[in-house]
Amino acid sequence: MNKTQATKFVFSGLTDDEKPVPFLFAFFLQVYIITVVGNVGIMVIVHKTSTFHTPMYYFLSYLSAVDLFYSSAVTPKMLSDLISVKKVITFYGCALQFFVFATLAGTEVVLLSNMSYDRYAAICQPLHYVSIMTKKKCSNLVTLAFSLGVLQSTAQTSCVFSLQYCASNLIDHFYCDIPPLLKLSCSDTFACNMVTIFLIGSYSVCSLTTILVSYIFIFFSILQIRSARGRQKAFSTCSSHLICSSIFYVSVFLAYVRPPSDTFKKEDKVISIFYSVITPMLNPLIYSLRNQEVKKVIIRAVYSFSQAKNRHLAMK
C-alpha cells in the first residue's frame with residue numbers, strides 16, 4: 001500500500017478552551033523567566049565564588065545548565081503556541097526537539113546519581129574525599145552523563161522517527177514526546193514501545209539504585225555523628241539533592257514507566273508540564289533556599305547591587 005510520510009505535525013496544545021489562555025501564558029512565561037534567572041544565577045555564583053569551586057557545586061552548575069536548556073527545548077515553543085492559531089512544527093523540527101529534550105533529560109538522570117555519589121564520598125569518606133573526587137574524575141563523570149544522554153536519545157529518536165506517519169498529524173500534546181507520537185504512527189510500534197520502556201526503565205532504575213544505595217550509607221554515617229549540630233549540617237548538604245531527585249523521578253516514572261494507554265489524558269499533560277517546565281524552575285530555588293552558603297552569596301550580591309544603585313542615584 002502506498003504511504004505518504006507526514007512533513008509536519010500540529011499540536012493540540014495545553015487546552016482547547018480560550019478563556020484560561022492569557023492566565024496560562026502569563027504564568028508559564030513567569031515560570032520560564034524564573035527558570036532562566038535561577039539557573040543562570042547558580043552558574044554565575046559557582047563560577048565567580050572561589051569557595052564554590054568544589055565537586056558538589058561543580059555538578060550543581062552543570063545541573064543548572066542542563067535544566068536551562070532542558071526547559072528551553074519545550075517552554076518557548078509552548079508559549080508561542082498558546083497565542084498562535086496554528087500550533088505547527090515540521091517533522092525534522094519535531095525530531096530535533098525530542099532529541100534535545102531526551103538528551104538533556106537523560107543527562108540530568110546521570111548527573112543526579114553523580115551528585116549522590118559525591119555526597120556519599122563527602123560524608124562517608126571525609127578523609128579521602130579530596131583524593132576520591134578529583135577534578136579529572138568529576139570531569140569524566142560529567143562527560144559520561146552527557147555521553148549516555150546522547151546515546152539513549154539517539155536510540156529513541158531513531159526508533160520513533162523512522163516510523164511511518166501517514167494518517168492524522170495531530171499530536172495530542174504541547175511538545176514532541178514518545179507516547180503521543182507512537183499513537184499517531186501507522187507502523188507497528190511494539191518495538192519502539194519496548195525500546196522506550198527498556199531504556200527509560202533501566203536507565204532510571206540504575207541511576208535511582210545508585211542514589212538509594214548512596215543515601216543508605218549516608219544515613220547510617222549521619223547516625224554515627226555524635227553532635228546534633230553535626231548531624232543537621234551533614235543532612236542539610238544532602239536534603240536539596242534528595243528533594244530535587246525525588247520530584248524528578250516521581251514525575252518521570254508517572255509519565256513513562258506504566259502500561260500503554262490508547263488515550264492521552266489531561267492528567268498526562270499535567271505530569272509532563274511538571275517535569276518539563278516546573279522542575280527546571282524548582283531545582284535552583286530549592287538549592288538556593290535550603291543551602292545556607294548559596295543564600296549568603298545571594299544576599300551579599302543583592303546588597304551590593306542595591307548599594308551600587310543607591311550610589312548611582314546619589315551621584316545624579
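When a residue number appears, it is its place in the shown sequence, counting from 1.
Of the residues listed (Ile45, Val44, Ile42, Asn283), the one engaging Ser64 in a side chain to side chain contact (heavy atoms under 4.5 Å, CB included) is Ile42, and it is the only one.
Note that the CD1 atom of Ile218 and the SG atom of Cys238 stand 4.5 Å from one another [nearest 0.5 Å]. Distance check: Leu223 CG to Arg231 CZ gives 8.0 Å after rounding to the nearest 0.5 Å. Taken to the nearest 0.5 Å, the OG1 atom of Thr90 stands 10.0 Å off from the CD atom of Gln97. If you take CE on Met281 and CD1 on Ile278, they are separated by 5.0 Å, rounding to the nearest 0.5 Å. Between atom CG of residue Asn169 and atom CD1 of residue Ile89 there is a gap of 12.0 Å, rounded to the nearest 0.5 Å. Rounding to the nearest 0.5 Å places CD1 of Ile34 at 11.5 Å from CG of Asn39.
Phe174 meets the ring pair (Phe, Tyr, Trp, His ring centres under 6.0 Å) test with no other residue; sequence neighbours excluded.
Note: Phe9 and Tyr165 meet the aromatic proximity criterion, with ring centroids under 6.0 Å apart. For Phe161 and Tyr92, the ring centers are positioned 6.0 Å apart or more.
Using a 4.5 Å cut-off between side-chain heavy atoms of Ile, Leu, Val, Met, Phe, Trp and Tyr, with links allowed through other members, Ile132 and Val130 fall into different hydrophobic clusters. Hydrophobic clustering (ILVMFWY, side-chain heavy atoms < 4.5 Å, transitive): Leu29 and Leu282 are in one cluster. Linking ILVMFWY residues whenever their side-chain heavy atoms come closer than 4.5 Å, directly or via other members, places Phe23 and Val277 in the same cluster. The cluster map of Ile, Leu, Val, Met, Phe, Trp and Tyr, joined by side-chain heavy atoms under 4.5 Å apart, puts Phe198 and Met194 in different clusters. Residues Phe101 and Val195 are members of separate hydrophobic clusters, defined by side-chain heavy-atom contacts under 4.5 angstrom among Ile, Leu, Val, Met, Phe, Trp and Tyr.
No donor-acceptor pair closer than 3.5 Å links the side chain of Glu108 to the backbone N or O of Gly149. Between the side chain of Ser116 and the backbone N or O of Ser113, at least one donor-acceptor pair lies under 3.5 Å. In this structure, Thr49 contributes its side chain and Val46 its backbone to no donor-acceptor pair below 3.5 Å. Looking only at distances, a side-chain donor or acceptor of Tyr203 sits under 3.5 Å from a matching main-chain atom of Gly106. The backbone N or O of His173 lies less than 3.5 Å from a partner atom in the side chain of Ser12, making a donor-acceptor pair. A donor-acceptor contact shorter than 3.5 Å links the side chain of Thr209 to the backbone of Val205. At distances below 3.5 Å, not a single donor-acceptor pair connects side-chain atoms of Thr279 with backbone N or O atoms of Ser276. No donor-acceptor pair closer than 3.5 Å links the side chain of Asp118 to the backbone N or O of Pro55. A side-chain donor-acceptor contact under 3.5 Å links Thr103 to the backbone of Phe99.
In this structure the side chain of His241 never reaches within 4.5 angstrom of the side chain of Phe59, judged on heavy atoms. Residues Tyr117 and Lys137 have side chains in contact (heavy-atom distance under 4.5 Å, counting atoms from C-beta outward). Residues Arg119 and Leu242 form no side-chain contact, since every pair of their non-hydrogen atoms from C-beta on lies 4.5 Å or further apart. Phe52 is not listed as a side-chain neighbour of His47, based on a closest heavy-atom distance of 4.5 Å or more. Side-chain contact between Phe146 and Val66 is present, with at least one heavy-atom pair separated by less than 4.5 Å. Two residues are said to be in side-chain contact when any heavy atoms from C-beta on lie closer than 4.5 Å; Leu181 and Cys94 meet this criterion. Two residues are said to be in side-chain contact when any heavy atoms from C-beta on lie closer than 4.5 Å; Ile247 and Phe274 meet this criterion. With contacts defined as side-chain heavy-atom distances shorter than 4.5 Å, the pair Ile123/Phe217 does not qualify.
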Can you check side chain to side chain contact (heavy atoms under 4.5 Å, CB included) on Tyr58 and Ser139, steps first, answer last? CA-CA 9 Å; Tyr58 177 78; Ser139 178; 3.9 Å; yes
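Screening residues 75-96 for salt bridge (Lys or Arg N to Asp or Glu O under 4.0 Å) gives Lys77-Asp81 as the qualifying pairs, with residues at least two apart or on separate chains. Evaluation of the side-chain hydrogen bond (donor to acceptor under 3.5 Å, both in side chains) test over residues 14-38, restricted to residues two or more places apart or in two chains, returns Tyr32-Ser72.
A donor atom on one side chain and an acceptor atom on the other are found under 3.5 Å apart for Tyr249 and Ser207.
Within a 6.0 Å sphere centred on CZ of Phe69, heavy atoms belonging to other residues, nucleotides or ligands number 12 at most.
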